[in-house]
Amino acid sequence: MRVRIKAERCVGHAMCYLAAPEIFVLSDEDGRASVTVDVVPEEFQEAVRQAARSCPEEAVDIY
Amino acid sequence: MQSKLSGKQCPIDHDHESRAYASSWPDQYREMRSECPIAWSKNHGGYWVASRYRDIVAIAQASDVFRSNKTYDAENDVVKGGVLIPPGTSVRGLPIETDRPEWDSYRSFINRKFAPKASEVRRERVRHFTTEMIDRVIETGKLDFVHDLTGPVPAMATMELMGLPLEEWREHADAMHEIVFLPKESEEFGKALERFNWVYQRCAEEFRRYRELPEEDNLLSYFAHGQIDGRPVTEEEALGYALNILAGGVDTTTSLTTHTLVYLYENPEERERLIAEPELLPTAREELVRYFSPMHGIARNVVEDFDIGDVKMEAGDRVFLPWSSGNRDPEIFDEPEKIDLARFPNRHIAFGAGMHRCIGSFMARVMFEEMLTQILERMPDYKVDVSAAERYPSVGTINGWINMPATFTPGKKRLV
């Protein structure tokens with residue numbers, strides 16, 4: 001599993017970070033999210049699915 | 001398929017400023033979501049109300065069509081556009097009442113000041129203000145939550161962030177509260193407007209003073225010394241920022257925390273659960289902000305014809321986006337009328353959606369956590385006198401409480 005943040009959609013709700021702090025990081029500049037890993041390890045895949053379901057902007061893209 | 005109707009179909013008597021709305025909004029929105037999801041209200045000059053989550057988010061995201069800019073015609077004293085219905089004061093809030101490309105410059109100028117890291121840095125000070133305010137009442141066994149704690153702490157934190165004298169917090173907080181909750185036609189509103197103008201004046205004076213001093217770590221000083229697009233920030237811009245930040249800072253977290261205290265009083269098993277399992281705090285925080293939606297909704301201005309659902313919106317129309325209704329949409333949330341402190345995922349829009357989403361949300365989370373944690377530690381058996389508490393007469397912009405008397409087993413001060 002891979003995941004990315006659609007930068008044009010993310011406005012910093014931070015819900016993905018709440019779901020999976022091991023995978024997402026929030027910018028010190030504007031609070032928007034980015035992904036810290038290339039491939040999502042098995043043990044965090046469910047949390048990343050939850051992150052996708054918690055984003056009001058649908059900015060979390062699992063591929 | 002039903003053809004698009006012309007004109008303003010689905011008329012409703014929606015008025016988020018009315019007393020009736022304050023008590024009946026959950027029912028009104030429930031009915032709208034199932035029967036008339038986008039409806040036309042003839043009040044306040046006429047405006048659409050979108051009640052379903054998906055429409056609210058779609059409109060908030062389509063910021064090229066649904067705009068926020070406000071203009072003021074001083075000669076005729078007419079405010080046009082902006083994000084409030086009715087339009088509010090002549091001051092254009094920054095960055096909220098701007099559109100792209102202007103918005104990019106205005107928002108990016110202050111983003112860093114409200115980012116997660118900057119908000120975490122302020123946590124110690126918020127904790128100190130909370131300790132100090134609780135110390136004042138802890139030995140007496142009684143307090144008014146709004147006056148003694150949930151009002152002051154966000155106000156003091158906002159004063160410090162702005163660079164306004166801490167001791168002026170009550171005047172600023174009262175002025176910002178009153179301008180929000182007093183109905184515009186009430187007699188007291190005139191007085192509230194005077195107090196609001198005093199806040200404006202104080203911010204202007206301090207901004208000018210900071211211009212003469214070396215830069216300090218507060219926002220008015222940052223405005224006084226900062227540059228937007230390579231030129232100095234004007235006084236009008238600094239005041240537009242200041243009033244937007246004061247309005248967002250002093251009232252919203254107060255409402256959220258006060259609602260939470262009532263809820264935990266009325267549901268003692270939930271209070272026990274939160275005390276026993278403090279790790280629930282982050283999901284509880286998001287669930288409580290979803291359910292209570294302190295910032296009830298906000299308006300946009302339609303600048304080109306736009307079809308949505310069965311409705312045809314026209315250029316020049318206004319539309320109200322009630323985050324509070326989206327947050328109780330059963331299409332998105334299971335049992336939306338129920339508070340579940342462990343609810344997750346929770347894609348609530350209590351902080352708004354789209355590019356204008358609340359810039360102060362990280363600060364709000366810090367303040368809420370610090371106040372609630374210390375209340376549950378130091379007055380875990382508090383009892384609220386709900387019968388003596390008063391709601392804001394108008395909740396459509398901020399859904400809050402005027403006061404909230406409570407008693408508890410006295411304890412000891414923490415500060416010497």
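All values below were derived from every heavy atom in this structure, side-chain atoms included, with hydrogens, water molecules and symmetry-related copies excluded. The chains referred to below are lettered A, B, ... by the order of the sequence lines, with proteins before strands, and numbering in each begins at 1. Not measured: the values here are computed from a predicted model.
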In terms of heavy-atom pairs under 4.5 Å with chain A, the winner among B:Pro116, B:Gly354, B:Gly326 is B:Gly354
Tell me which of these, B:Gln61, B:Met355, B:His356, has more heavy-atom pairs under 4.5 Å with chain A than the rest.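 The option with the most such pairs is B:Gln61.
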[X] portion near chain A, given a 4.5 angstrom heavy-atom threshold:
X        : result
B:Glu286 : side chain
B:His348 : both
B:Phe351 : neither
B:Ala118 : neither
B:Arg285 : side chain

Sequence neighbours left out, what passes side chain to side chain contact (heavy atoms under 4.5 Å, CB included) with B:Pro330? Give chain and number order. B:Arg33, B:Pro336
Listed partners of A:Pro56 passing side chain to side chain contact (heavy atoms under 4.5 Å, CB included), at least two apart: A:His13, B:Tyr53, B:Arg347, B:Ile349
Neighbour count above 12 (heavy atom, 6.0 Å) for [X] [atom1]:
X       : atom1 : value
A:Lys6  : NZ    : yes
A:Glu43 : CD    : yes
A:Tyr17 : OH    : no

B:Phe362 side, atom CZ; A:Leu26 side, atom CG - distance, nearest 0.5 Å: 5.0 Å
If I measure from the heavy atoms of chain B, does A:Arg32 come under 4.5 Å with its side chain, its backbone, both, or neither? neither
